[in-house]
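Below is one structure, written out as structure tokens; the observations come after it.
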Amino acid sequence: MRILGLETSCDETGVAIFDTRRGLLAHALFSQVDIHVEYGGVVPELASRDHVRKALPLVQQVMQDAATTPEELDGIAYTAGPGLVGALMVGATLAQTLAWSWSIPALGVHHMEGHLLAPMLEDEHPQYPFVALLVSGGHTQLVRVDGIGQYRLLGESLDDAAGEAFDKAAKMLGLPYPGGPHIARLAESGDAARFDFPRPMVNRPGLDFSFSGLKTFTLNTVNACRDETGLTDQDKCDIARAFEEAVVATLVIKCRRALEQEGLSTLVMAGGVSANRNLRAQLQAALAKLGARVFYPAPQFCTDNGAMIAYAGAQRLAAGQMDGPATTVRPRWPMTELAPL
Amino acid sequence: MTSILAIDTSTDACSVALLTAGTVRVLQEYAPRRHNQLLLGMLRELLPGGPGGLDAVAYGCGPGSFTGLRIAASAAQGICFAAQLPALPVSTLAAQVQSAIRLGLAGEGCWVLSTLDAHIGELYWALYQVVDGLPHAVSSEAACRPEALVIPGAEQVVALGGGMRYHADMTGASQARISALHDTVLPSAEDILPLAEAAFTAGAWQQAEAICPVYVRDEIRWKKLAEQGPQS
């Protein structure tokens with residue numbers, strides 16, 4: 001079964017073709033970062049406008065790259081939510097009308113299920129059941145996964161997502177959007193001993209997260225260090241290091257706790273923040289002590305992409321699922337509402 | 001005989017129309033924020049066998065609701081790319097004039113001010129004259145506040161559309177130019193068809209890759225970093 005996948009839920013237009021026998025045949029991505037950088041965050045209207053321009057050329061490109069004709073496609077998967085409603089509409093409408101015109105089924109896919117299954121695109125991929133840490137600019141969730149569509153939410157952020165906290169901390173340090181890679185770069189030259197940032201909610205039982213207090217602590221530290229000339233480069237590096245250490249330590253502690261609670265030994269990490277190298281290293285070290293393994297997607301599939309949507313859609317389309325007659329997008333869509341396969 | 005599918009989702013109404021063998025079939029529903037949910041069902045009902053027999057797809061390209069314009073454009077992209085068909089972009093303001101012509105509200109030679117509510121206190125507008133039963137643009141499309149509207153020329157005009165909710169805020173000079181006012185007229189897929197057929201005959205079509213909404217209002221009311229206050 002060969003599936004075209006479209007992702008337009010936020011600020012990346014991603015398109016891919018996945019074949020259930022041959023694997024990923026082609027993928028293409030257009031990132032809108034340059035469009036949004038001068039606003040310090042994603043502007044929904046600009047995002048939607050750009051998806052209309054980029055989605056169809058990317059479809060043409062992947063069909064060419066995968067040497068796939070319309071007759072060889074068995075279905076089209078698109079991100080139906082959660083995400084920016086106007087942006088979701090673009091991919092959904094294009095996917096649905098392509099599918100209708102080609103007389104093949106279409107299926108709206110859950111964006112976070114796409115992220116969660118992205119490690120399955122790798123040759124060496126995890127086996128069910130596992131615990132997934134979904135960590136991006138929009139989400140921070142720990143989910144128990146017993147199979148496709150069999151999800152139980154173990155914990156989530158009560159306020160900001162971890163990626164959002166990275167973006168806000170970056171803004172405080174005068175760094176461009178998106179903040180994660182910039183914080184990580186500065187943190188490499190930071191002195192870990194200079195500041196001790198709190199590890200939010202680690203002393204409380206449970207698996208929920210909170211990053212808004214850490215954000216305030218960062219702002220207070222920035223203000224305390226700042227003189228009339230602003231922050232020194234070393235101040236910025238040291239704050240970035242302390243901030244990153246606090247987020248990473250919190251995520252690692254909660255992941256370890258989740259595995260212990262569920263009695264599982266496999267962790268899957270996905271979403272944009274899962275590209276953070278410090279997080280990967282510390283998680284790997286901490287889980288090795290437990291005899292547990294961590295899996296994550298290839299770097300290009302950590303952020304939003306079409307490949308994960310094509311993969312997730314292929315699993316569900318192969319099981320006979322498809323859109324009903326009046327399917328529409330769902331900007332808010334709890335993952336636990338998904339049907340199991 | 002030419003067969004054209006038309007789609008309009010630029011306002012709270014969602015409509016599709018099919019011209020085939022000289023007859024027109026129309027599906028229309030008042031459906032705020034439900035266009036994406038309804039459109040595919042309407043297409044299936046009008047064209048149970050898919051888009052195979054069509055010669056072209058016309059779409060209301062704007063101005064109008066930004067999200068609505070993107071739904072029509074994305075649908076036109078999907079169908080035109082998949083079925084290898086030419087696309088015919090039709091102005092929603094012109095389609096609205098066509099609607100007035102069909103309803104007998106604007107006759108031959110008549111000057112028509114076509115408007116849509118652009119929200120945030122502004123209207124989209126353009127001026128047309130009815131020539132040979134079709135609207136011909138006399139001005140370009142624009143967005144402005146009602147008090148800033150200056151109607152070109154000196155003729156009396158028939159004023160149409162949702163932008164006329166701002167009639168009371170227009171200048172006395174503008175108000176004096178309006179001889180009749182029909183604020184409930186809407187653009188629709190049915191009224192896109194005559195304009196699309198004329199464009200198709202004239203060869204004024206575009207490829208799927210070129211399909212894009214005409215927003216008219218291109219600036220975004222969103223503060224850039226330099227305009228934003230201190231971080232909190």
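Within every chain, numbering begins at 1; the chains are lettered A, B, ... in the order of the sequence lines, protein sequences first and strands thereafter. As the structure is a computational prediction, the values presented were derived from the model and not from experiment.
The pair B/Glu209-A/Arg53 fails the salt-bridge criterion, with no side-chain N (NZ, NE, NH1 or NH2) lying under 4.0 Å from an Asp/Glu carboxylate O.
Only the backbone of A/Thr327 comes within less than 4.5 Å of a heavy atom in chain B; its side chain stays farther off. With a 4.5 angstrom heavy-atom cutoff, B/Ile71 touches chain A via backbone and side-chain atoms both. For chain A, no part of B/Ala72 is nearby; none of its heavy atoms comes within less than 4.5 Å. Within the 4.5 angstrom heavy-atom criterion, no atom of A/Pro70 approaches chain B.
With sequence neighbours excluded, the residues forming a ring-ring contact (aromatic ring centres under 6.0 Å, His included) with A/Phe18 are A/Tyr311, listed by chain and number.
No other option in A/His51, A/Gln96, A/Arg49 has as many heavy-atom pairs under 4.5 Å with chain B as A/Arg49.
B/Gln77 pairs with exactly one of A/Leu56, A/Val59, A/Thr93 by the side chain to side chain contact (heavy atoms under 4.5 Å, CB included) rule, that one being A/Leu56.
Within 6.0 Å of the CD atom in B/Gln207, the count of heavy atoms belonging to other residues, nucleotides or ligands does not exceed 12. For CG of A/Asp233, the number of neighbouring non-hydrogen atoms (other residues, nucleotides, ligands) closer than 6.0 Å is 12 at most. Residue-environment remark: CD (A/Gln64) stays at or below the threshold of 12 foreign heavy atoms within 6.0 Å.
Note that the NE2 atom of A/His36 and the NZ atom of B/Lys224 stand 13.0 Å from one another [nearest 0.5 Å]. Here the CZ-OG1 distance, from B/Arg70 to A/Thr8, works out to 10.5 Å after rounding to the nearest 0.5 Å. Note: B/Ile79 CD1 to A/Trp102 CH2 = 12.5 Å, rounded to the nearest 0.5 Å.
Residues B/Asn36 and A/Ala92 approach most closely at ND2-CB, 4.2 Å, considering heavy atoms.
Within residues 42-55 of chain B, the residues having any heavy atom less than 4.5 Å from a heavy atom of chain A are, in residue-number order, B/Leu43, B/Arg44, B/Leu47, B/Gly50, B/Pro51.
The side-chain heavy atoms of B/Pro213 and A/Val52, taken from C-beta on, include a pair separated by under 4.5 Å. With contacts defined as side-chain heavy-atom distances shorter than 4.5 Å, the pair A/Thr97/B/Phe81 does not qualify.
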